[in-house]
Amino acid sequence: MAEAEQPTTETQARPPIQVRYCQVCTFPLEYCEFGSSFKKCKEWLQNEEPDLYDKYYSEEAMQAKLGTLSLEAQSKLEKEAAKKEAKAEAKADAALKKKLASQVTIKRIERTKRKHVTSVHGLEAFGIDLKKAAKQFAQKFATGASVTKNPQGLEEIIVQGDVSGEIVELIEEGAGVLKGIPIDNVVEVEEKPKKKAAE
Amino acid sequence: MFKKFQPSTDISGQTSVKSSVQRSLRSSILSQWTIDPETFDQIWPKKEPITLVKCREHISIYQLHGEPLFFQHYDGPLFPTLKILHKYPFILPKVGVDRGAIRFLLAGAHMMCPGLTSKGGYLPAADEGLPAETPVAIFAEGKENAVGLGTTKLSTEEMKKVNKGVGVETVHYLGDDLWAVDKL
């Protein structure tokens, strides 16, 4: 955003208030307690800015914040916050596990009698930009490549021609955007479905 | 409004805005918000063209260099994004909720009258009362920064009298999907 500038007119512009946002939960620092990663937020703040940490979490600050809530209401809030945090952590763990277990599936699909297309499925679990990857394949193999949604709703890259072997090699090399895929996660499958739309 | 908003699927298009439309936007903002032109120039410098991002349900978001500045629903009032409101908290009138309501607000709930009229809440005094359908900034008890933005469903006097039902409809809150978007 535009930085605070003082123009030389009679009415001076009011400079913006610089709000510090927590790097862990993107909220303004005082709202970290309502986010789902309160503990990590506190740790981060303690490392980064010890004086701000004192400002928000020291004893007097905590007392003043209790405000108009009674004691039971406060402890109830704390319990619910802890539950929410645990749930968010469990979700993050499950997502990570899924990522490690997910596979890149390479399928060779028959299009007409002697033509094939290769479908690469499962790259987004590794954080790869599908459009860029498709472009890279197209360049490498001098054929068409596109990103489509298959009937399950997941996105996959379709490369014209039978290039499954070369795709495995490319992934092994990890060229361009294809970084970070362990070789064991790549699976080759032969399939003969009839595709509705002619590729 | 931004409870389930994903930039990948919910944006129908981006267009640049005609300068006549830009001028009318600028003047309607200056009349709706309590901001003076020089300060507004820091948010949106005179020479810079903004882009319009059209989203589902007739929501239009106006952005500058990829960063959303303000938005509107149909042709309704223009709301600043929460990030802009944090930098210039004086541009919209304030209402306050008490502490217990904060977590519901952060989950996207609308604000009920009791949260505004109770001990921790804050409503402007009778002589500065706000009519219904005004954009307001929602602050939380004990916090410096706004929690969200909304429109009043009842006037502030009615809220104090009736004290039941929805007081302020939450339009944009901290941590919703518009907050998560830094660049469109």
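We name chains A, B, ... by the order of the sequence lines, and we start the count at 1 in each one.
- Classification of B/Lys160 and B/Glu157 as a salt-bridged pair holds, one side-chain N sitting under 4.0 Å from a carboxylate O.
- Classification of the A/Phe141-A/Phe137 ring pair by plane angle, with boundaries at 30° and 60°, yields parallel.
- Each of B/Val53, B/Leu78, B/Leu178, B/Leu52 was compared with B/Phe71 under the side-chain contact (heavy atoms from CB on, under 4.5 Å) criterion, and only B/Leu178 meets it.
- With a 4.5 Å cut-off on non-hydrogen atoms, B/Ala146 touches chain A through its backbone but not through its side chain.
- Heavy atoms closer than 4.5 Å to chain A are found in both the backbone and the side chain of B/Leu174.
- Residue contact with chain A, scored on non-hydrogen atoms closer than 4.5 Å, is absent for B/Phe40.
- Here A/Tyr21 and B/Trp179 bring their ring centres to under 6.0 angstrom of each other.
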